[in-house]
Amino acid sequence: MSIRKYLESDYQSILTIYESSKLDELKFESAEFELLPFEKDVVRSTQILESDIYIYGGEDVIGFCAYKGTEIRALFVHPKARGKGVGIKLLEFMLSNIVGSATLYVASSNYPAIKLYQKYGFENTSQFETTYNGTPVLANKMQCCTS
């Protein structure tokens with residue numbers, strides 16, 4: 001398994017991973033959420049597709065990440081591949097390529113992700129309300145220094 005640059009032929013793989021994983025980041029919320037498909041989520045899909053996207057896997061893509069400048073925009077691992085260090089490898093990869101202070105946004109209730117980010121030095125710098133598919137969500141802006 002390795003990390004490599006995204007190719008257009010990987011689009012269906014990242015779509016599958018995104019759609020099987022997106023609502024997991026909201027599973028600790030009290031509200032019910034309906035998946036907004038990647039291709040219909042114009043803001044999110046544009047942000048990801050204009051970023052530097054990297055794929056994790058061999059023959060099968062099992063995770064991907066995206067960042068633009070110092071902003072981490074996506075980190076998704078297929079549910080069947082979780083708990084095997086894929087997310088950690090993708091996060092470490094992004095942090096090794098970001099120069100300066102890395103920033104990311106995460107649902108305030110996504111405790112497993114927040115715990116991982118804190119392990120890598122991220123600190124909560126602000127909290128704000130946003131929405132996902134029309135439903136309010138409290139989110140954290142997190143930041144850390146990288147080399």
Side-chain angles (χ1 to χ4, degrees), residues 1-3 6 10-58 60-98 100-147:
M1 298 283 183
S2 63
I3 297 173
Y6 165 82
D10 295 318
Y11 182 76
Q12 190 57 50
S13 295
I14 70 164
L15 195 64
T16 299
I17 293 167
Y18 181 89
E19 292 187 355
S20 66
S21 303
K22 178 61 182 168
L23 291 182
D24 289 348
E25 66 189 37
L26 301 169
K27 71 182 177 185
F28 299 106
E29 292 286 322
S30 58
E32 291 286 325
F33 292 87
E34 184 176 325
L35 178 68
L36 181 58
F38 185 75
E39 63 273 7
K40 291 186 179 179
D41 189 344
V42 177
V43 171
R44 188 84 169 124
S45 62
T46 299
Q47 283 182 340
I48 291 174
L49 293 173
E50 73 181 11
S51 301
D52 293 314
I53 305 172
Y54 290 86
I55 301 298
Y56 185 90
D60 294 327
V61 175
I62 59 173
F64 75 94
C65 63
Y67 67 94
K68 182 167 184 175
T70 59
E71 182 182 348
I72 294 174
R73 294 184 165 181
L75 176 55
F76 289 95
V77 177
H78 193 284
K80 292 180 180 178
R82 292 194 185 140
K84 299 176 182 170
V86 175
I88 290 170
K89 288 177 185 167
L90 287 168
L91 179 59
E92 288 175 351
F93 175 82
M94 287 189 288
L95 292 175
S96 72
N97 286 288
I98 292 173
S101 186
T103 302
L104 58 82
Y105 300 89
V106 60
S108 297
S109 65
N110 190 347
Y111 309 114
I114 291 169
K115 186 177 177 181
L116 172 65
Y117 299 141
Q118 288 173 333
K119 180 180 174 184
Y120 282 85
F122 281 87
E123 294 180 357
N124 193 22
T125 59
S126 63
Q127 195 170 60
F128 59 96
E129 187 175 284
T130 186
T131 61
Y132 175 73
N133 202 6
T135 303
V137 177
L138 199 58
N140 293 351
K141 177 180 180 182
M142 298 185 79
Q143 201 163 14
C144 88
C145 295
T146 60
S147 53

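No experiment lies behind these values; they were computed from the predicted model shown.
For the residue pair Ile114 and Ala107, the shortest heavy atom distance occurs at CD1-O, 3.7 Å. Of all heavy-atom pairs between Val106 and Ala113, the closest is CG2-CB, 4.0 Å. A pairwise comparison of heavy atoms in Val86 and Gly63 identifies CG1-CA, 4.5 Å as the closest pair. Of all heavy-atom pairs between Ala66 and Ile48, the closest is CB-CG2, 4.2 Å. For the pair Thr135 and Glu32, the tightest heavy-atom approach, listed with the atom from each and the gap, is OG1-O, 4.2 Å. In terms of heavy-atom proximity, Leu35 sits nearest to Pro37 at O-CD, 3.4 Å.
Partners of Thr125 under the side chain to side chain donor-acceptor pair (under 3.5 Å) rule, at least two apart in sequence or in another chain, do not exist in this structure. Partners of Asn140 according to the side chain to side chain donor-acceptor pair (under 3.5 Å) rule, which considers only residues two or more places apart in sequence or in another chain, are Ser108, Gln127. Applying the ring-ring contact (aromatic ring centres under 6.0 Å, His included) test to Tyr18 and every residue at least two apart in sequence or in another chain returns Phe38, Phe76. Evaluation of the side chain to side chain donor-acceptor pair (under 3.5 Å) rule for Tyr120 yields Glu92 as partners, not counting sequence neighbours. Residues forming a salt bridge (charged side-chain N to carboxylate O under 4.0 Å, His left out) with Lys84 (at least two apart in sequence, or on another chain): none. In terms of the salt bridge (charged side-chain N to carboxylate O under 4.0 Å, His left out) criterion, Glu39 has no residue partners (sequence neighbours excluded). With sequence neighbours excluded, no residue satisfies side chain to side chain donor-acceptor pair (under 3.5 Å) with Gln47. Residues forming a ring-ring contact (aromatic ring centres under 6.0 Å, His included) with Phe93 (at least two apart in sequence, or on another chain): Tyr54. Take Tyr67 and apply the ring-ring contact (aromatic ring centres under 6.0 Å, His included) test, not counting sequence neighbours, and it matches no residue.
In this structure, OG on Ser51 lies 10.0 Å from CZ on Phe64, to the nearest 0.5 angstrom. A distance of 13.5 Å separates SG of Cys65 from NZ of Lys89, quoted to the nearest 0.5 Å. Expressed to the nearest 0.5 Å, how far CD1 of Ile72 lies from CG of Leu104 amounts to 5.0 Å. Here Ile55 contributes atom CD1 and Ile14 contributes atom CD1; the two are 6.0 Å apart, rounded to the nearest 0.5 Å. Put simply, CZ on Phe122 and CD on Gln143 are 8.5 Å apart, with the number rounded to the nearest 0.5 Å. One distance of note links CD1 of Ile17 with CD of Gln12; it measures 10.5 Å at 0.5 Å rounding.
Not a single donor-acceptor pair under 3.5 Å links the side chain of Asp41 to the backbone N or O of Leu36. The main-chain N or O of His78 is never found under 3.5 Å from a side-chain atom of Ser20 such that the two would form a donor-acceptor pair. Looking only at distances, a side-chain donor or acceptor of Ser101 sits under 3.5 Å from a matching main-chain atom of Cys144.
Side-chain atoms of Tyr56 and Val77, non-hydrogen and from C-beta on, never get closer than 4.5 Å to each other.
Legend: salt bridge (Lys or Arg N to Asp or Glu O under 4.0 Å) pairs involving residues 106-131, not counting sequence neighbours: none detected. The salt bridge (Lys or Arg N to Asp or Glu O under 4.0 Å) contacts involving residues 72-81 comprise Glu50-Arg73, Glu71-Arg73, where partners must be two or more places apart or lie in separate chains.
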With a cut-off of 3.5 Å and sequence neighbours excluded, list every side-chain donor-acceptor pair involving residues 24-31.
unit_1	atom_1	unit_2	atom_2	d
Asp24	OD2	Arg82	NH1	2.6
Asp24	OD2	Arg82	NH2	3.0
Glu25	OE2	Lys22	NZ	2.4
Glu29	OE2	Ser109	OG	2.6

